[in-house]
Amino acid sequence: MENWVDKLLHWYEKEKRDLPWRNTGDPYKIWVSEIILQQTRVNQGIDYYLRFVSKYPTVSSLAAASEDDVLKMWQGLGYYSRARNMLHTARYIEESLGGKFPRTYQQIRGLKGIGDYTAAAIVSFAFNQPYAVLDGNVMRVYSRLLGIDEPVDSSSGRKKLQLIANDYLPEKNSASYNQAVMELGALICLPKKPFCTQCPIQDQCYAYSHTLTAKLPVKQVKKKIVKRFLNYLVIQSGDSIIMRKRPRGDIWQGLYDFPCIETAAAGTPLALASSKEWRRIFRNRKVIVLSVSSEYRHVLTHRLLLAKFISLKAGRKEIELPEGCEWIKLRNISDYPVPRLIDIYLSENFLNLNN
DNA sequence: AAGTCGGGGCG
DNA sequence: CGCCCAGACTT
C-alpha cells in the first residue's frame, strides 16, 4: 500500500549501523542499551554498554551488585538516577519476578526508570510487539514528513505525534520499522542541515517540498533566564517616601515599587549618580546617600532580578517626581500592593511599619 | 506544565 | 555559546 514504508525499510536494511545491541534478542541487554541511550548519543554509549553487559551479563548479576559498583560503571555518563533505577529494577525482577524479565508492555512500563519510549522499544525490539516508539528522532522525522507545526516538546504535540506513530506502525515489521525511523533521524534527517538528497522518502516529505526542513520541528522557545539589574531609589523626606505604580507592558503591572534606574549590568552608586535619570530626579543637586543595600536576588519564571536599594534623604522640593511616582506616608505603606521583592525589602528595613 | 537531572559533540 | 541527544521523574 504505502510504498514509502518499503523504501524506508529497504534503506534501513542496507544502511543501518552495526551496533552491539542489535545483535541480541535478550530483553535484559536491550533494556541496558535503551537506558544508556536515554538523552545520550550512540557514540558516547557504545563503550559503556559493552563494559556494562560484560560485567553484568544478566539481571541476576546486576541485582547482586552494590550501588557503588553500578555507579562506578556509570561514571562520566551522567543522569545517574538511570543507574540507580536500573539497580532497583534488577533487584525487583530478581526478587519478585523470579529473575525473569517481564514480556508485556504494561509490566515493563511499570518498572522504575522505564517510560513510554523505553517500554515500547523493549517490547518491540526484543519481542517484535507492535508498539510505536517516540523519541527525538521519530518526532523530528514525522514533524517534517507530515508538516506538523505543533511544538514537539508540548504534551499535546507529543500526544499527537504518538498517535501518528501508532497509526503508521506496520503490524508485522514493527521492530525494523521503529528502528528504521530512528535511524533515519540519526543519519539523514538531522536537526540541522539534513541530508535530504540521500533520504529514501524525500518525495514523500512535506517539509522538503515546502522548504520547511529548517523550520520543523517546532520547539517551544526556551525561556532563557534573562538578568535585569534594578537600582531602586528609596527616597525619604520626613514621614513620606516615594513609590511608583508599575506601568503596563512590564512585570508587576499595577503593583508599587520605588523609582528605579535599570542598568545593563550591576551599577555602582557613583555611576548611577551621573546618569540622566538620577540628575533629572534630583535636579543636578547633590543628595545624601544613607545606605546601599546588598544585592537582592529575585527569580521570576523567565527573569532573574538583581536589585539594589539605595536609601536617600532629600527635601521634597528638591525632587522632580518621576513619571508614575508619588509621595506616600510611611504609615500608610502597608495599604499599597507591592511585589514580593519589595515586601521583603520593606520587612527588613521598615519593620516597624509592617505589622 | 514546568523544572530537574550530566555530559559531550558539533556548527 | 547554544542546541541536541534511542527521556523519566518530581513538583
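We name chains A, B, ... by the order of the sequence lines, and we start the count at 1 in each one.
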Tell me what [X] touches on the nucleic acid: a base, only sugar-phosphate, or nothing, going by heavy atoms under 4.0 Å.
X        : answer
A:Asn43  : nothing
A:Leu77  : base
A:Lys112 : sugar-phosphate
A:Trp21  : base
A:Leu19  : base

| request: Please figure out whether A:Gln39 or A:Ser154 has its closest DNA chain B nucleotide nearer the 5' end. | output: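 It is A:Ser154 whose nearest nucleotide is closer to the 5' end.
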
What's the [atom1]-[atom2] distance between [X] and [N], to the nearest Å?
X        : N      : atom1 : atom2 : result
A:Arg84  : C:dA8  : CZ    : P     : 16 Å
A:Arg41  : B:dC10 : CZ    : P     : 8 Å
A:Leu37  : C:dC5  : CG    : P     : 13 Å
A:Asp47  : B:dG7  : CG    : C1'   : 15 Å
A:Glu34  : C:dC5  : CD    : P     : 15 Å
A:Ile36  : C:dC5  : CD1   : C1'   : 15 Å
A:Tyr79  : B:dT4  : OH    : C1'   : 8 Å
A:Lys219 : C:dC4  : NZ    : C1'   : 6 Å

| Taking the P atom of each, how far is B:dG3 from C:dA6, in whole Å? |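 Here B:dG3 and C:dA6 have their P atoms 24 Å from each other.
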
| message | Measuring only the P atom in each nucleotide, how far is C:dA8 from B:dG8? A whole number of Å is fine. | response |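 The answer is 22 Å between these two P atoms.
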
| task | Please figure out whether A:Ala186 or A:Ile114 has its closest DNA chain C nucleotide nearer the 5' end. | result |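 Residue closer to the 5' terminus by nearest nucleotide: A:Ala186.
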
So which nucleotide from [options] ends up closest to the side chain of [X]?
X        : options             : answer
A:Arg140 : B:dA2, C:dG7, C:dC4 : C:dC4
A:Lys192 : C:dC5, C:dA6, C:dC3 : C:dC3
A:Pro191 : C:dA6, C:dC4, C:dA8 : C:dC4
A:Asn85  : C:dG7, C:dC9, C:dC5 : C:dC9
A:Thr40  : B:dG6, C:dC9, B:dA2 : B:dG6

| said: Could you tell me if A:Ser154 and A:Gln220 have a donor-acceptor pair between their side chains, going purely by distance under 3.5 Å? | reply: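 Short answer, no.
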
| Taking atom types as they are modelled, is there a donor-acceptor pair under 3.5 Å from the base of B:dC5 to the side chain of A:Arg82? |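 Donor-acceptor pair under 3.5 Å: no.
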
| Does A:Tyr80 put a side-chain nitrogen or oxygen below 4.0 Å from OP1 or OP2 of B:dG7? |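 For B:dG7, OP1 or OP2 has a side-chain N or O of A:Tyr80 closer than 4.0 Å.
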
| query | For C:dA8, does OP1 or OP2 lie under 4.0 Å from any side-chain N or O of A:Thr118? | reply |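 Answer yes for this pair, as a side-chain N or O of A:Thr118 is under 4.0 Å from OP1 or OP2.
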
[X] [atom1]: over 12 foreign heavy atoms closer than 6.0 Å:
X       : atom1 : result
A:Arg51 : CZ    : yes
A:Tyr80 : OH    : yes
A:Glu13 : CD    : yes

| request: Before giving the answer on salt bridge (Lys or Arg N to Asp or Glu O under 4.0 Å), spell out for A:Arg17 and A:Glu183 the whole-Å C-alpha distance, their side-chain angles and the decisive distance to 0.1 Å. | output: CA-CA 8 Å; A:Arg17 293 167 289 181; A:Glu183 196 79 339; 2.8 Å; yes

| message | Taking the ring centre of each residue, are A:Tyr232 and A:Tyr345 less than 6.0 Å apart? | response |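 Distance test on ring centres: not under 6.0 Å, no.
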
